[in-house]
Structure formats: C-alpha cells, structure tokens
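A short worksheet on the structure shown next.
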2 protein chains.
Amino acid sequence: MQKATIHHIAEKLKITASTVSRALNDHPRISDATKKLVQKTAQELNYQPNNIASALRNGKSYLIGVIVPTADRSFFASVVRGIEEIANNIKYKVIICQSYDIFEKEVLTVDALLAARVDGIIASIGKNTDTFAHFNRAIMEGIPLVLFDRTTDQLEVSQVVIDDHLGAYQVVEHLIQQGCRRIAHFTSPKKVSVFKERYRGYVDALHAYNIPFDEELVVASNLQLEDGRRSMEQLLTLKNRPDAVFSSSDYGAMGAMQVLKEHKIAIPGDIALAGFSNEPFTSFTDPPLTTVDQFSIYMGNITAELFFEQLKATKNFKPQKTVLKPALIVRESSMKRK
Amino acid sequence: MQKATIHHIAEKLKITASTVSRALNDHPRISDATKKLVQKTAQELNYQPNNIASALRNGKSYLIGVIVPTADRSFFASVVRGIEEIANNIKYKVIICQSYDIFEKEVLTVDALLAARVDGIIASIGKNTDTFAHFNRAIMEGIPLVLFDRTTDQLEVSQVVIDDHLGAYQVVEHLIQQGCRRIAHFTSPKKVSVFKERYRGYVDALHAYNIPFDEELVVASNLQLEDGRRSMEQLLTLKNRPDAVFSSSDYGAMGAMQVLKEHKIAIPGDIALAGFSNEPFTSFTDPPLTTVDQFSIYMGNITAELFFEQLKATKNFKPQKTVLKPALIVRESSMKRK
DNA sequence: TAACATAAAACAATCGATTGCACAAAGTTA
DNA sequence: TAACTTTGTGCAATCGATTGTTTTATGTTA
C-alpha cells in the first residue's frame with residue numbers, strides 16, 4: 001500500500017500539487033475553500049508529508065546531532081532529555097551519538113553527522129580531545145555548533161556551562177566550615193575546562209580562608225571509580241594525611257569511599273568526602289555523598305534554546321557563553337558538625 | 001561555499017552525473033580509468049554524498065528509531081550502545097527517543113518516527129502501555145519492528161528478551177541456599193512481561209524447594225526507590241517478618257535497604273536483599289547488592305542483528321524470539337553464609 | 001569492409017515537496 | 001468600457017542521487 005503524497009491529493013481534487021502544497025502550508029494566495037478541501041482530503045488519505053523530500057528541497061533535515069561522551073551517565077542523559085524537550089516541540093528530532101571519550105570516534109561522529117546533513121550539532125567534548133579541526137569543519141560548512149559542559153575556548157562557538165569554579169569553591173568552603181584543614185582534591189590531567197575550573201575553585205577557596213595549598217594533596221587521574229580508589233590509597237600513604245577529599249567526579253569520590261571503609265576510616269569523622277555532579281547513586285551511598293548539582297535538564301533546555309536561536313539567526317551569529325549556577329548539596333559524607 | 005555534488009564532479013571531468021554516480025557505486029559498466037578519475041576528483045572536491053537525496057530516491061533514510069522508556073537507566077543506555085555498535089558499522093544512524101513510560105508520549109514518538117521515515121524501529125515498551133495500535137501502524141506500513149526486554153506477545157514481531165524467569169529463579173534459589181525461608185518479592189502491577197516472568201520465577205523456585213507461598217509477602221508497586229521504601233515499611237509491619245527480599249528492580253531493593261538501615265535491621269543478617277538489573281550503583285551500596293546481570297550491551301548487539309536481518313529480508317519475515325541467559329551476581333547483601 | 005557484438009557513457013525520468021513566474025478570471029477605478 | 005489591480009491556480013524547474021533506456025565509440029568477425 002502506497003503512502004499518500006500531495007500528488008494523490010491533487011489528483012483526487014483535480015488540482016495541481018503546487019496548490020496542494022500551498023494549501024497545506026497555509027499560503028495566503030490560496031482560498032479558504034481550497035485549503036479546507038485539501039486538508040480534509042489529506043486527512044482522508046492519511047497523508048503524511050515526506051520529510052525527506054522537503055529536506056532535500058529546502059536543505060533542512062530537521063535533525064540535530066547531539067554528541068556526548070556517554071549517554072549512560074545521568075548527567076548527560078538528563079541534558080539530552082532537556083534538549084529533546086525543546087527540540088521535539090518544534091518538530092526537530094535528535095540523533096544521539098556517543099564518543100566514549102575516544103578522540104577518533106568523536107571525529108568520525110562529527111563527519112557522520114555532517115554526512116547525514118543534520119541541521120546542527122550540540123556537543124560535549126571528549127576528555128581526550130585537544131584538537132578541534134573536526135568541529136571547525138562543521139563550522140565552516142555553516143552548521144551551527146553549540147557546546148555544553150565540556151567546552152573549549154579554542155573554538156568560536158556558543159557554549160553553556162555551569163560555573164564549575166563556583167561549585168568547587170562552595171564545596172571547599174563548606175568543608176572548611178566543617179573544620180577541615182587538609183583538603184585533598186581529585187582532578188583530571190586532561191585539558192577539559194570543567195576540571196581546570198573546579199581545580200581553580202578549590203585553590204581559590206583555600207586561599208580565601210588562608211589555608212596553605214599543598215601540592216601532594218592534589219591527585220590527577222581519569223576520575224573513574226578505580227582511579228578514585230588508587231588516588232585514595234595514595235593519599236593514605238602520606239605522613240600527613242588529609243582530613244577531607246573533594247573529588248571532581250562522583251565516581252572518584254565513590255572509589256575513595258570504598259577504600260576508606262576498607263581501612264575502617266570514619267566518614268566524615270576522620271576524612272570528609274565530597275564529589276561533583278549529583279549522580280543518582282550519590283544519595284544511595286553510605287554515608288550519602290555531598291556533591292554539586294548541575295541542573296542538567298535545565299542545562300539541556302538552555303543549550304537547545306541557544307542552539308535554535310543561532311539556527312534561526314540568518315547572518316553571522318555572535319557566539320554566546322551562558323554560565324549557570326550550580327547548587328551545593330550537603331549530605332552526611334561531609335557533615336562533621338551535626 | 002557550496003558543498004560538492006556529483007554534478008560538480010561531472011562538470012569538472014566533462015562527463016555526466018549518471019556516470020559519476022555509477023563510478024562511485026562501483027558499477028561494472030564503468031571503466032576502471034573513469035572510476036579512478038572520479039574517485040580522485042571526488043576527494044579533491046571533498047565530495048560527500050547527500051544522504052537526503054539518495055534517501056528520497058531509494059526510499060531509505062538509513063535512520064532507525066530506538067524507543068526506550070528512559071535513556072538514563074544504565075540498562076537501556078547500554079542496550080542502546082550495543083545497538084549503535086552494530087548500526088554504525090553499516091552506515092545506519094540511530095535516533096534515540098524516550099517515552100518516559102508515558103503511553104501518549106510513546107504513541108507520539110512512534111508517529112514522529114514514521115513521519116521522519118525511519119527505516120525501522122527498535123523499542124522497549126513503556127510500563128503503562130497495554131494497547132498496541134501505534135506499533136501496528138508501523139508494521140502495516142512495512143516498517144520493521146523489533147522489541148527488546150519489555151515486550152509483548154500481542155504483537156507479531158521479533159523480540160529479544162532475557163530469561164527473566166530463570167534470573168529470578170536463580171536469585172530465589174540462592175536466597176534459599178543461604179537459609180532464607182520467608183522470601184518477600186517486590187513486583188509491578190503492570191502487564192509488563194518481564195515483571196510477570198520474574199514473579200513466576202520467584203513462585204517456581206519456592207515450589208521447587210517446598211517453601212510455602214505467602215501472598216502477603218508479595219508487594220506490587222512502581223518499583224522505584226520510594227516505592228521500595230514504602231513496600232519495605234509495609235513488610236516490616238507484618239507479625240511474621242520476611243528474612244529476605246527479592247525486588248524485581250534494583251531501585252526497589254535500594255529503597256528497602258535504606259529503610260532496613262534506618263530500622264537498624266542487619267543486612268543480610270536479619271534480612272537478605274537482592275535486586276534485578278545490575279545497575280552500576282548496586283556495587284556501590286553498603287552492603288553491595290546481589291542482583292542479576294542482563295548483558296545489556298550484548299542484548300543490544302543481538303537486537304540490532306535481528307533487526308537488520310529482518311530489514312534485509314525482502315519477503316515476509318517470520319518473527320523470531322531470542323532468549324538470552326542472565327547471570328546471578330552474588331554480593332554481600334545476600335551472603336548469610338560466608 | 002560491411003555487419004554485428006560489446007563496452008562505455010549519455011539521456012532522461014524519477015523520488016515528493018517547494019516556489020518563482022505566468023496566466024486567467026474577477027473586481028476596481030477613471 | 002478600457003486599463004489596471006487583485007486573487008487563485010497552474011506550469012515548470014529545482015533539490016541531488018539513482019537507474020532503465022538509448023546512443024556512441026570500440027572491437028571483433030566473416
């Protein structure tokens with residue numbers, strides 16, 4: 001059974017396809033009578049416009065590509081959800097692609113999206129990405145690009161980030177207020193701005209409270225669970241142990257928590273603990289983990305709105321940077337003072 | 001700057017677009033010399049085929065729609081990853097859509113995918129779905145449909161599931177071997193086969209070991225964290241409390257764990273605990289949660305392979321049902337005997 | 001070398017929707 | 001009533017790739 005086209009409608013009404021097309025698109029030069037007739041017939045024939053055909057004609061696909069390192073991290077999944085909410089409202093569909101933090105895969109993905117003729121790309125950059133030619137390729141083809149969370153200033157594009165500096169600052173300030181003085185920090189060696197910013201927030205908070213910065217308390221790793229374990233073990237070998245750990249990722253903090261428990265070190269009694277991202281599991285841990293919420297769905301909304309603004313803008317659009325405020329979530333893992 | 005088309009290549013080489021097209025598609029009637037020349041020129045002009053145009057011509061979009069209740073559950077995210085692995089290998093792109101377990105949203109999504117002219121749909125049915133007209137619409141349009149995990153026998157389509165009965169049976173058998181005799185079960189009131197199957201596995205294991213079935217030990221809910229909490233509180237009001245809880249979802253088990261801790265009830269000492277799905281957080285809980293792994297990435301692979309098999313099959317394809325074996329993962333929450 | 005086979009490439013239609021332009025009918029104005 | 005405007009449709013080209021059907025070279029055979 002064939003799907004109905006505007007030609008079928010036209011034939012049935014003894015008019016031309018162009019009239020049908022105009023009628024369906026509410027063109028002012030078509031009489032109301034014809035419009036109604038066409039709409040009615042379209043219904044009868046269960047007509048559904050062929051997006052492919054119109055995509056070809058007007059060079060739009062109504063598809064946007066979203067690239068995330070991994071979609072099974074709650075943060076990214078929620079941002080994607082936020083993007084979808086906005087996109088679906090205006091007939092756009094979202095293609096989700098995962099780079100798995102692998103640079104080559106990210107490059108391939110960008111190229112695949114360009115080949116698929118997406119109308120634009122929203123991306124969060126992989127941890128191992130430090131050259132951006134693939135994204136520049138998209139920009140040069142006139143494909144709008146908006147980055148969120150894991151962004152870079154090496155590209156002239158709009159970006160939406162949270163104030164990682166502030167989030168980290170608040171965590172460290174909170175730890176200090178709980179009486180901690182030797183606060184360790186798990187960070188990433190990668191040139192990803194979010195981690196650099198959190199590191200800055202950590203350092204600045206220490207300064208602000210006149211707490212000496214001690215390089216041996218900063219451990220760089222990939223910030224996964226196992227990394228957190230290793231980093232914590234390393235810290236425990238120090239003569240002068242920390243009394244708190246602020247990890248740039250919840251997974252890293254989780255690894256630390258496991259190690260501390262294995263060593264029968266009290267949390268937060270001996271060592272307080274805080275993570276970053278408010279992954280869902282953080283409220284399930286024992287003790288529940290202090291962390292920073294990033295309002296991820298909202299971030300997705302904002303990112304999508306910025307994206308579509310740029311998509312509509314005909315001329316050269318000035319890249320915008322939106323900075324969202326994070327929220328410190330205090331849970332037991334850091335509550336030394338009840 | 002315009003993107004190169006086959007016409008640009010043709011013009012440059014003083015041949016026609018059809019020759020270029022055939023050369024690029026390695027048509028036997030084109031001389032090797034021409035083929036090489038065309039390929040070289042294509043490279044030079046950085047030609048990328050316009051998928052939209054070829055989609056229109058041969059009625060294929062190279063897009064497949066994947067509908068999941070939510071993409072931020074590790075199980076679904078991993079299945080999607082498994083699907084993507086296969087799909088991307090053969091130039092297909094995956095559109096991920098979330099139904100959020102809302103029936104209306106699921107219907108809209110199916111229709112949107114049909115309108116987007118996807119080449120097929122892979123779906124896991126929402127919890128609240130009990131009529132299937134929307135999926136039948138896809139089938140009638142000749143769009144291949146494959147279901148995974150949350151499936152139904154009311155549709156004549158291929159499906160990939162794990163043996164939920166076996167998984168549940170193994171959990172309950174394990175609990176019995178640990179000495180538990182009053183094993184409670186959290187299930188869903190919904191007509192979702194996975195939960196029905198797990199319930200059957202629970203009942204059958206009890207039977208097999210001559211343990212009486214007690215209706216008051218079975219609690220139906222939505223199986224989220226809060227539901228698990230409520231269900232556990234309810235069980236604790238019984239005169240004759242259970243000595244184990246097997247929840248059909250890890251989140252439900254997590255809720256139970258929180259309540260038990262609040263009541264200072266030892267896990268697994270007083271009450272053993274087991275979930276289902278092997279969500280990542282289950283290894284982070286204290287104690288780590290016994291659960292069932294579903295080999296989700298593999299499930300995605302299998303699902304995609306079945307899907308593409310069906311897509312290639314020209315004639316009426318006989319729906320197949322693939323059943324995968326799950327794996328019991330024993331952790332401390334159920335280890336009464338060390 | 002005429003007749004025919006084969007290889008290589010051109011021609012033209014097609015997929016379905018869109019749109020600039022042409023054109024006819026109806027309405028308006030002087 | 002001639003001249004012009006407005007309104008409603010039709011015509012035909014277009015987007016880029018694909019493909020059945022010629023057409024044009026080239027090669028082979030008798």
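Per chain, numbering begins at 1; letters A, B, ... match sequence-line order.
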N/O (side chain, Thr5(A)) to phosphate O (OP1/OP2, dC15(C)) under 4.0 Å: no
Is it true that the NZ or CZ of Arg81(A) lies under 6.0 Å from the centre of Tyr100(B)'s six-membered ring and within 45 degrees of the ring axis? yes
In whole Å, what is the span from the CG atom of Leu45(B) to the P atom of dG16(D)? 14 Å
Distance in angstrom units between Lys35(B) NZ and dA9(C) P, rounded: 10 Å
For residues 47-58 of chain B, which residues have at least one heavy atom under 4.0 Å from DNA chain D? Tyr47(B), Pro49(B), Asn50(B), Ala53(B), Ser54(B), Arg57(B), Asn58(B)
Give the rounded distance in Å between these two atoms: NZ of Lys60(B) and P of dC15(C). 18 Å
Looking for any heavy atom pair under 4.0 Å, which part of the strands does Ile15(A) touch: base, sugar-phosphate only, or nothing? sugar-phosphate
Would you please confirm or rule out a distance under 4.0 Å between OP1 or OP2 of dT9(D) and any side-chain N or O of Thr19(A)? no
From NE2 of His7(A) over to P of dC11(D), roughly how many Å is that when rounded to an integer? 13 Å
Roughly, in whole Å, what's the span from CG in Leu13(A) to C1' in dG8(D)? 15 Å
Considering every strand and a 4.0 Å limit on heavy-atom distances, what is the contact class for Lys14(B): base, sugar-phosphate, or nothing? sugar-phosphate
Rounded to whole Å, CD1 of Ile6(A) lies from C1' of dT9(D) at a distance of 14 Å
Does the side chain of Ser31(B) get closer than 4.0 angstrom to OP1 or OP2 of dA9(C) through an N or O atom? yes
Respond yes when some side-chain nitrogen or oxygen of Ser18(A) is under 4.0 Å from OP1 or OP2 of dT19(C), and no when none is. no
Counting N and O atoms only, with roles assigned by atom type, does the side chain of Asp149(B) sit under 3.5 Å from a partner on the main chain of Ser124(B), one being a donor and the other an acceptor? no
Smallest separation among heavy atoms of Gln98(A) and Ala71(A), with atom names: NE2-N, 2.8 Å
Under the criterion side-chain contact (heavy atoms from CB on, under 4.5 Å), which of Asp119(B), Ile86(B), Val146(B), Leu145(B) is the partner of Phe307(B)? Val146(B)
Just by modelled atom types, is the His27(B) backbone N or O under 3.5 Å from a matching donor or acceptor in the Asn25(B) side chain? no
Between Ser78(A) and Ser74(A), is there a donor-acceptor pair closer than 3.5 Å when you use the side chain of the first and the backbone of the second? yes
When the ring centroid of Tyr47(B) is compared with that of His7(B), is the distance short of 6.0 Å? no
Rounded distance (Å) that lies between atom C1' of dG10(D) and atom CD of Glu11(A): 16 Å
So, is Ser21(A) near the phosphate of dG16(C), with a side-chain N or O under 4.0 Å from OP1 or OP2? no
Measure from CZ on Arg29(B) to P on dT23(D) and round the result to the nearest Å. 15 Å
